[in-house]
Amino acid sequence: MANRKQLIRLLAITEKLRNSKEASFDEISDYLKRKSEITGDDLNITLRTFQRDIKDIYSIFDVEIKCNSYHKYYIQYDGSDEMQPRMFEAFDILHALKITNDLSLYIHPEKHGGGTENIYGFIHAIKKQIVIKITHKKFWDAEPNKRNVEPYGLKEFRGRWYLIAKDKNSNTIKTFGLDRIHDIELTKEKFSLPEDFNVKTLFKSCFGIVMPEKNEKPEKIILSFSPLKGNFIKSLPLHESQQVIIDNEKECRVQLFIYITHDFVRELLAHSEELEVISPKSLKNKLNQIYKSALNTEK
DNA sequence: CCTAGTATGAAGTGGCGTCA
DNA sequence: TGACGCCACTTCATACTAGG
C-alpha cells in the first residue's frame with residue numbers, strides 16, 4: 001500500500017510551490033520541517049529524494065515542477081485544474097482523521113461516503129501500474145462482482161470520486177464510482193499505460209463521467225435559459241466548452257460542444273420549463289419524448 | 001481464537017559518481 | 001549546478017509463529 005507519509009510530503013511540496021510561486025530547495029526543506037511539527041510525521045528529505053518527488057508529483061498529480069536559473073523551483077504546468085483541489089481536500093480530511101484517531105470517541109465521521117478510504121491503494125496502483133481486482137457493485141445489481149482492471153486515473157465529478165480503468169474482460173475503458181467499490185486487491189500483474197492516454201483529454205467533451213459509445217461524436221448544442229436561470233448557468237457552467245452567445249432580458253443562450261450522454265440529458269431535464277433546446281433537433285425530440293412518457297398516466 | 005513478537009521481502013531513501 | 005542512475009541502507013507492510 002502507498003506510503004502515507006510520502007503522499008503527505010508530495011502534497012506539502014505542491015502546496016508550498018502553489019502558495020509561494022517559487023522556492024529554493026532550502027525553503028521547501030524548511031517548509032517541510034515546519035509541516036512535520038504540525039503533522040507529527042517526519043517529512044524531512046534530502047535533495048535526491050526531492051528530485052524523485054518531483055517526478056512522482058508529475059506522474060500522480062500531473063503537476064510539472066521545474067528549476068529556474070536562480071536555483072528556484074516552480075510549477076511550470078499545473079494539470080490539476082478543477083480536479084486536484086478536491087483530491088487534496090480528500091487527502092487532508094483523511095489525514096486529519098488519522099491524526100484525530102484518538103478523538104474517535106468524540107467524533108463520528110460518516111464512514112467516508114465517497115469511498116475515499118481506498119484512495120491510497122488506488123494511487124499506489126496507478127503509480128506503480130499494477131492491475132487491481134476490484135469488488136464492484138452497481139446501483140442496479142444486487143450482487144457485487146469482481147473484475148480485474150488496469151487503473152489509469154481518478155476523477156471527481158459533483159462530489160463523487162471515480163476510478164478510470166480498463167476492464168480486462170471487455171478491454172474497454174470504464175469509470176467506476178469509488179463508493180461502489182467495496183474492496184480492492186493488488187495483483188502481481190503489471191500493465192503499461194497506452195501512450196496516448198490522458199485523463200483530461202479523455203473527458204474533454206464529456207459532461208460528467210459517462211463515457212460515450214464507440215462511434216459517437218461530440219455535438220454542438222445550443223440551449224436557451226430563462227434570464228434568472230441564466231445567471232446560475234453563467235456562474236456554474238455546465239461544461240468547460242460553454243460559451244454565452246446571447247444574454248439579454250429575454251433569454252440567456254449558451255453553446256456547448258459535448259457528447260449527448262444520458263447523464264447530460266438528465267441534467268437538462270432538471271431545468272424543466274426554464275430551458276429550451278434550440279439545437280440539435282434530435283436532442284429536443286429526445287427531451288420531448290421523455291416528458292411525454294412521463295405524462296402518460298396510462299402506463 | 002486472538003494477540004504480540006518476529007522474519008522476510010518490497011518499497012523508500014540517501015550518498016556518490018556521471019552527464020549535460 | 002541540477003538531474004539521474006546505481007547501490008547500499010533503512011523503513012514499512014505483511015505473513016508467519018508462538019504463547020496465552
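Since the model is a prediction, treat every value here as computed from it, not as a measurement. Worth knowing before you read on, the calculation uses all heavy atoms, side chains too, and leaves out hydrogens, waters and symmetry mates.
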Atom pairs, protein N/O to nucleotides 3-9 of chain C N/O, distance under 3.5 Å:
residue : atom : partner : partner atom : Å
C:dA3   : OP2  : A:Gln51 : NE2          : 3.4
C:dA3   : OP2  : A:Tyr73 : OH           : 2.8
C:dA3   : N7   : A:Gln51 : NE2          : 3.4
C:dG5   : N7   : A:Arg48 : NH2          : 2.9
C:dG5   : O6   : A:Arg48 : NE           : 2.7

To the nearest angstrom, the CG-P distance between A:Asp26 and C:dT1 comes to 12 Å
Whole-Å distance, A:Ile57 CD1 to B:dG12 P, equals 14 Å
Can you check salt bridge (Lys or Arg N to Asp or Glu O under 4.0 Å) on A:Asp167 and A:Arg147, steps first, answer last? CA-CA 7 Å; A:Asp167 191 336; A:Arg147 57 180 84 202; 2.7 Å; yes
> Salt bridge between A:Glu27 and A:Lys72, side-chain N to carboxylate O under 4.0 Å?
Replying inline: yes
Separation between CG (A:Leu32) and CD1 (A:Ile45), nearest 0.5 Å, reads 5.5 Å
Practice item. Check whether any side-chain N or O of A:Thr49 sits under 4.0 Å from OP1 or OP2 of B:dG14, and answer yes or no. Key: yes
Taken to the nearest whole Å, CD1/A:Ile45 to C1'/C:dT10 is 16 Å
Residues A:Arg9, A:Asp53: salt bridge by 4.0 Å N-O rule: yes
Is a side-chain donor or acceptor of A:His71 paired with a backbone partner of A:Ser24 at a separation under 3.5 angstrom? no
From CG of A:Asp56 across to C1' of B:dT13 the rounded distance in Å is 12 Å
In whole angstroms, the gap separating C1' of C:dT1 from CZ of A:Phe25 amounts to 14 Å
The residue among A:Lys229, A:Glu251, A:Lys250 that forms side-chain hydrogen bond (donor to acceptor under 3.5 Å, both in side chains) with A:Ser224 is A:Glu251
